[in-house]
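Okay, structure first, notes after.
Since this is a predicted model, take the numbers as computed values, not measurements. Every chain is numbered from 1, with letters handed out A, B, ... down the list of sequences.
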Amino acid sequence: VAAFGTAAGRPLQGRGGSPGFRFTFFAVLAVIAMYLDQRQHYLEQVRYVLQAAAYPIQLAVSSPPAAWRWLKESFQTREALQAENARLRSQQRDLEVRTMRYEALARENGELRGLQAALPPVADRWLAAEVVTVQLNSLRHRLLLNRGASNGVFRGQAVLDESGLIGQTTHVGPWSAEVILITDPEHAVPVRIERTGLRTIAVGAGDTSALALPYLPANADVKEGDVLVTSGLGGVFPQGYPVARVTEVHRDAVQPLAQVRAVPLAHLDTDQEVMLVWFKQDHPAAPASAAASADGGVGELKHGDAAMQPQAVTRAAPTPAPAPGPRP
Amino acid sequence: VSPDSRGRMLLSALVALILTVLPLPRWLDVLRPAFLVLTVLYWSVNSPRTGGIALGFFAGLVLDVFQGPVLGEHALALAIVTYIGVREHQRIRSKPAFQQALFVGAALAVYEFVLFAIDGWTGHPVTSPLRWVHIVTGALIWPPAAAILAYGAGRRV
């Protein structure tokens with residue numbers, strides 16, 4: 001190609017100015033972009049458009065593994081399918097029996113708290129989403145889902161699978177959404193130890209099988225096997241969803257803090273399908289949002305921990321509620 | 001500047017981008033060279049008028065969308081790398097492949113250091129030593145990668 005030969009000899013000052021000028025221009029542009037994106041979040045719109053443009057490439061890149069999975073599934077034997085079917089049926093029966101108990105327990109709980117009727121479940125609706133690509137290295141634990149703003153997905157939405165918490169959405173495009181996993185080194189979940197009610201924060205350890213609990217004092221009541229559930233603080237996750245199980249507690253006499261590790265309950269590295277969840281905003285177990293904590297002094301307490309919420313205490317009427325009805 | 005060479009450049013950048021975002025097992029992902037950075041660097045050295053800093057900036061912006069914590073991070077790092085490439089293009093082109101690979105390693109180190117610094121300033125510090133591994137693999141893969149790109153550009157090597 002002639003262009004290469006001729007370009008070499010000539011000086012570079014031509015269209016667009018000298019390299020130094022161009023470099024300064026683009027460097028300033030990049031710094032401005034970083035400032036706006038980091039401090040002001042002005043670039044959400046730009047990101048939205050860029051994410052839409054990037055989605056076809058991400059789909060194309062994920063197509064070989066997806067095709068392989070499809071091929072494997074379509075060549076599964078009859079026996080394997082029958083076995084799976086039987087397993088799923090028994091699992092469903094099991095779950096149905098458990099939900100029967102759940103209804104009764106929820107009503108009983110409502111009566112104990114003096115509410116006129118059982119609280120409705122905190123989750124409003126679910127949406128299943130497929131995982132398009134997975135970014136799992138020691139630095140970033142992200143998923144790309146095939147649902148976006150056109151499905152009503154919003155930024156900071158909780159993502160679950162059938163056994164526990166997965167993470168939350170960070171960037172939402174029109175047809176796709178990026179999810180940060182709870183094990184990402186940049187992610188932290190406010191949790192509560194189910195056995196004791198002790199609240200702390202679980203931080204991602206950069207490994208899909210580990211969370212760290214770095215803020216527990218050495219004398220904290222925590223032991224192996226304790227289940228961590230979301231505490232409802234922090235404004236993203238509602239209260240009471242399972243997160244992880246403590247696997248390792250290390251107490252050092254000279255360290256003021258215990259070193260605690262936990263393994264996530266969700267299958268973070270094998271999930272093909274996850275659930276996006278919408279929560280009822282006025283539910284006591286709903287995540288304490290910034291707006292909710294602004295309207296009253298006890299906002300965080302009120303929404304964050306149903307066991308300590310003032311509403312339930314003030315409504316603990318001495319007379320048992322005769323007729324079930326909607327909450328006033 | 002012929003539209004033909006520009007098309008080849010964008011095509012090679014697209015292929016490099018796909019190689020960069022292709023999901024890989026973890027141990028391979030650590031070793032994966034920054035293909036897009038190498039491609040952009042190749043064009044800024046071998047075709048500084050067509051490629052160069054604008055190409056670097058926009059390629060970096062694309063990387064930011066795929067894997068950056070803030071928009072502009074990879075864009076700045078790649079603008080710096082391409083600026084070095086364009087400034088020194090005559091000196092680099094005349095060197096044998098081994099010395100070119102050394103230079104590429106240095107450029108990748110600058111690139112990764114800029115990312116490292118910005119990660120820290122924006123509050124996403126990643127101090128794992130594994131993030132520096134791709135500098136070595138990138139330098140090692142430079143001679144064959146440059147040969148392939150030169151062949152694609154229709155050049156006699």
Side-chain angles (χ1 to χ4, degrees), chain A residues 1-10 12 14-16 19-39 43 46-47 49-51 53-54 57-58 60-62 64-65 133-140 142 144 170-171 173 178 185-186 206-208 269, chain B residues 1-2 4-6 8 14 17-18 21-26 29-30 32 46-50 52-54 56-58 60-62 64-80 82-83 86-87 89-90 93 118-119 121-126 128 130-131 153-155:
Chain A
V1 180
F4 296 121
T6 50
R10 277 186 280 151
L12 289 163
R15 189 177 48 83
F21 173 76
R22 277 211 222 181
F23 168 68
T24 316
F25 174 74
F26 282 117
V28 168
L29 210 60
V31 170
I32 291 173
M34 275 189 278
Y35 178 75
L36 291 180
D37 198 25
Q38 172 81 3
R39 301 257 167 240
L43 295 184
V46 178
R47 251 191 200 275
V49 174
L50 289 174
Q51 189 144 10
I57 297 178
Q58 285 162 326
V61 161
S62 77
T133 59
V134 185
Q135 254 194 56
L136 277 184
N137 49 46
S138 52
L139 325 177
R140 284 169 69 81
R142 307 288 163 110
L144 190 81
T170 47
H171 298 296
E178 193 188 80
E186 290 175 21
D207 174 358
T208 46
D269 43 358
Chain B
V1 177
S2 68
D4 184 38
S5 68
R6 179 158 293 174
R8 280 173 181 171
L14 187 67
L17 174 68
I18 287 173
V21 297
L22 199 68
L24 286 181
R26 247 180 102 165
D29 193 67
V30 170
R32 162 162 46 195
N46 287 286
S47 175
R49 291 172 65 86
T50 330
I53 297 151
F57 178 81
F58 288 110
L61 215 54
V62 172
D64 280 327
V65 175
F66 280 97
Q67 40 190 224
V70 286
L71 278 184
E73 178 183 18
H74 291 79
L76 179 63
L78 265 179
I80 292 171
T82 46
Y83 174 65
V86 169
R87 264 199 73 124
H89 70 280
Q90 278 168 333
R93 260 193 300 196
I118 297 173
D119 276 349
W121 286 330
T122 54
H124 313 85
V126 177
S128 158
L130 292 178
R131 68 178 297 161
R155 230 190 224 216

From CA spacing to verdict: side chain to side chain contact (heavy atoms under 4.5 Å, CB included), A/Tyr35, B/Val70: CA-CA 9 Å; A/Tyr35 178 75; B/Val70 286; over 6 Å; no

Nearest-0.5 Å distance, CG of residue B/Leu76 to CE of residue A/Met34: 4.5 Å

Audit row: A/Leu50, B/Leu71, side chain to side chain contact (heavy atoms under 4.5 Å, CB included) steps and yes/no: CA-CA 10 Å; A/Leu50 289 174; B/Leu71 278 184; 4.2 Å; yes

Toward chain B, the part of A/Val28 with a non-hydrogen atom under 4.5 Å: neither

Partners meeting ring-ring contact (aromatic ring centres under 6.0 Å, His included) with B/Phe66 (sequence neighbours left out): none

Heavy-atom pair of closest approach, residues A/Ala30 and B/Gly72: CB-O, 3.6 Å

Chain A contact via B/Ile80 - which portion, at a heavy-atom distance below 4.5 Å: both

Reported CD1-to-CZ distance for the pair B/Ile53 and A/Arg22, which is rounded to 0.5 angstrom: 6.5 Å

Residues forming a side chain to side chain donor-acceptor pair (under 3.5 Å) with A/Thr133, sequence neighbours excluded: none

Parallel, tilted or perpendicular: rings of A/Phe26 and B/Phe58 (30°, 60°): perpendicular

Contact check, side chains of A/Asp37 and B/Thr122, non-hydrogen atoms, under 4.5 Å: no

Region of B/Ala77 that comes under 4.5 Å of a non-hydrogen atom in chain A: neither

Residue B/Asp119 versus chain A: region with a heavy atom under 4.5 Å: neither

